[in-house]
Amino acid sequence: MRRVYAIIVGFWLGLCVSAATAQQAVTLLADQVTVQGSSILTATGNVEVFFGDTQLQASQVVYDQTNDQLRIVGPIALRQGDQLTILADAAELDPQLQNGILQSARMVLNQQVQLAAAEINLVDGRYTQLTKVAATSCHVCGDRPPLWQIRASRVVHDTLEKQIYFDNAQLRVLDLPIFWLPRLRIPDPSLERATGFLIPQIRANTRLGTGLKIPYFIPIGDHRDVTLTPYFSPNTRTLEARYRQKFVNGSITVNAAATTDDILPNEFRGYLFADGRFDFQNDFTLRFDVETTTDDAYLLDYGYSGKDRLDSAISISRVHSDSYFNAGLINYFSLRDTENNATQPTLVADVVYERRLFPVNLGGELNLRADLHSHYRRSDTFGPDGRDVSRLGLQAAWVRDWTLSNGFILETNNQLNLDYFNVSQDNNYPDNAVSVLPTLSAKLRWPLVRSDSKGGTQTLEPIAQIMWSEDFGDLIPNEESTRVEFDEGNLFALSKFPAADQRESGLRANLGLSWARVADEGWQSSFVLGRVFSSKSNPNFTQSSGLSSLQSDWLISGQLDLDNGLDLTARAILNDTLAVTKSEARLDWRNEKLRVGASYVYIVADTAEDRPDPVNELSLDGNYVVNQNWSTSAGVRYSFIEDRAASANLGLRYEHECVEVDFSASRRFTSSSSLEPSTDFDLSIGLRGFTANAGGKKFAHRCN
């Protein structure tokens, strides 16, 4: 019957309102329709009216052709797409549903914000005017006040500009007035970018006092924006700024701040961090970043960064399946009290090109590499404090493997390295030096695989590698390889040094044993044991590297992943007496509500690595979800050498369907000539709903 009525009413209503709705047709569905004379149509029972993307639902609709008006009896639901819903008791609208009055109405925007009003006026299909309004994004239960609401004498919603204007706006928390504004403008929830204030933040610092940050967001077209954040406190006057811009092939971001404060009176303080990336034709990628600050302590005083060495860099690179190219320039600036930027290699340039070939006659893979490196110190002093070094290197490597009939795998990696060095401002080394280093190696692996009763696959693999190389060349200063890490990643590397200015030579052997268990379900684990034997020692291996003797320290590494949420990763270097040279471990355990983690690091003292005291630190961190709304986090880093905490932090977060509150407290205990211990407290409160992204967390509320 509703389909029959729809055909009849649609034909009749289309004739009646054809002049007013020449561009779009009106469709009406109802359980019962009566026509009085030639000008009055009454539809009752589950009435639905469609005009464009606007849909009206009501219990009764009366169309008066003479006055070109719809009189509607509720309950009424008026929807415009997915962004706007109006619920009312009664209404008088034009047939296009663009103009009219709705009484005892409630408007819902983007399924987030609801505005209850005594009356709603629709004007020209663009403006929605509400009187005696209460607006909130909280769940409302009967007469109980919501957690927060905005009361206003009048509200105007501009659907074209996607803005909401409040007159005589009063913010209430649990119906208690907090503050009043004569006029307030906030963005429509569907608007992604709009000029206006963002969520403020309260920050209390023992050195700066208690202050307030009020970000102000300014979009500049569709692809650029600026955020200005004044920071007001008794001891500082700071303006923070962020600039972002998107291009067709890349983007840039700039963060900066300018300050005058009581920490360094009568001095300008500030910082600037910028980074960007651009993709060009032929798969080239340009990256750059700029990092600078006015003084060593500024970044930590204001919590902008924990970096103690700044690097400004630019590079262009291209990566293909068989080739790699990268050219970059980096400028370093140290903020450490123990480092002098004039005697540090602050300007570093690198160019690298690699090519893979697969010769048919030789088989295997042929790798060709050319690289150029140069670093510069500002100091004019002769010796290590002023030495500048440039290096041009060429490398050819042939790699091939064979699978033998008994399951053994034989691998060979033979290299020839040619390096030219230019050394200036150091009479201990020749100005021009050449290094020629051939390397021959063979590695034998025997992977043994079995399946266990629990559905896992276990692999046991003993590995033996023998190598020979000899350096035919001049004495070269150790500039790039002063820190050597001995781990499972380079146990079978041809050289343990991280850079090409130092390479191992002589006859040596790497021995290792690895075991791993992998399963789709259940626990997983891996273990590596290894040691290196050399025919001669290398003086550039420090004592703490574990490689300074003819027989290296033992390398032990393992991982364990249990199906109950426990993860353990550990690595250690031990000598023959089982004394620990280096060790590190990370333990994590998690379930649906709790995550805890612990990290431990120990490194012996080594003056060759500028470490007069050992490192012995324990870090604890975790978070706990108390319930649907509350969550906490905490962390501490403790130094056993200094017998005190180095830093500690605590966080508390409250999330509701209409509000989110973040509180954090942190303490830094370390001090230096430019830094003092300090404590920070941060508090931010955000009202949900007036944003394009309300977050992915869902809150189910029911009224008792």
Side-chain angles (χ1 to χ4, degrees), residues 108-115 134-151 169-181 184 186-187 189 196-206 210-215 217 227 229 231-233 303 589-597 620-636 647-667 679-704:
V108 181
L109 297 174
N110 207 34
Q111 300 181 3
Q112 297 181 42
V113 180
Q114 53 180 316
L115 300 94
T136 184
S137 59
C138 300
H139 193 77
V140 180
C141 294
D143 296 331
R144 292 191 319 195
L147 181 60
W148 67 264
Q149 60 179 313
I150 300 176
R151 291 288 185 92
Q170 182 187 82
L171 176 64
R172 295 189 177 192
V173 177
L174 295 176
D175 213 26
L176 178 66
I178 301 300
F179 67 84
W180 170 86
L181 290 173
L184 173 66
I186 58 177
F197 290 101
L198 304 179
I199 298 173
Q201 178 186 8
I202 299 174
R203 184 172 190 257
N205 180 274
T206 51
T210 302
L212 180 65
K213 292 185 176 183
I214 307 177
F217 180 76
T227 303
T229 306
Y231 176 21
F232 305 100
S233 86
W589 181 80
R590 67 183 65 84
N591 60 19
E592 293 181 354
K593 303 191 69 173
L594 176 66
R595 186 201 65 80
V596 293
L620 301 173
D621 59 88
N623 53 63
Y624 177 64
V625 179
V626 181
N627 54 37
Q628 180 179 244
N629 303 108
W630 290 94
S631 61
T632 63
S633 62
V636 62
S647 63
N649 62 81
L650 176 68
L652 183 64
R653 181 177 178 85
Y654 175 78
E655 289 184 274
H656 193 264
E657 86 270 3
C658 60
V659 69
E660 56 185 39
V661 181
D662 277 299
F663 171 78
S664 64
S666 61
R667 172 71 176 174
T679 303
D680 288 283
F681 298 94
D682 291 279
L683 175 66
S684 64
I685 302 175
L687 304 181
R688 287 175 172 249
F690 300 105
T691 174
N693 182 12
K697 191 169 183 178
K698 303 298 182 182
F699 298 87
H701 272 232
R702 292 184 299 177
C703 298
N704 296 328

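Contact between Arg203 and Gly303 at its shortest, heavy atoms only, is NH2-N, 3.8 Å. Across all non-hydrogen atoms, the minimal contact from Thr632 to Leu652 is CG2-CD1, 3.4 Å. Scanning all heavy atoms of the two residues, the minimum distance from Pro215 to Ile199 falls at CD-O, 3.5 Å.
The main-chain N or O of Thr679 is found under 3.5 Å from a side-chain atom of Thr206 such that the two form a donor-acceptor pair. Panel note: side chain Asn629, backbone Glu655; a donor-acceptor pair is recorded below 3.5 Å. In this structure, the side chain of Ser664 does not engage the main chain of Gly651 through any donor-acceptor pair within 3.5 Å.
Donor-acceptor pairing under 3.5 Å is recorded for the side chains of Gln170 and Arg172.
Here the side chains of Val661 and Leu683 are in contact, with some heavy-atom distance below 4.5 Å. Contact annotation: the side chain of Leu687 never approaches that of Ser137 to less than 4.5 Å [non-hydrogen atoms, C-beta and beyond]. Taking 4.5 Å as the limit, some side-chain heavy atom of Cys138 sits within range of a side-chain heavy atom of Glu657. In this structure, Phe681 and Thr210 have side chains that are not in contact, with every pair of non-hydrogen atoms separated by 4.5 Å or more. Counting heavy atoms from C-beta on, the side chains of Ile214 and Thr229 never come closer than 4.5 Å. Within the 4.5 Å cutoff, the side chain of Asp175 has heavy atoms near those of the Gln149 side chain. In this structure, the side chains of Arg595 and Asp621 come closer than 4.5 Å at one or more pairs of heavy atoms.
Between atom CD of residue Glu660 and atom OG of residue Ser684 there is a gap of 7.5 Å, rounded to the nearest 0.5 Å. Here Ile685 contributes atom CD1 and Asp662 contributes atom CG; the two are 10.0 Å apart, rounded to the nearest 0.5 Å. In this structure, CG in Leu171 is found 14.0 Å from CH2 in Trp180, a value given to the nearest 0.5 Å. One finds the CD1 atom of Ile178 at 12.5 Å from the CD1 atom of Ile150 (value rounded to the nearest 0.5 Å). For the atom pair CD of Gln114 and CG of Leu109, the computed distance is 10.0 Å after rounding to the nearest 0.5 Å. Interatomic distance, Ser233 OG to Ile202 CD1, rounded to the nearest 0.5 Å: 13.0 Å.
Between Trp630 and Tyr654, the ring planes are tilted. Angles from 30° to 60° get that label.
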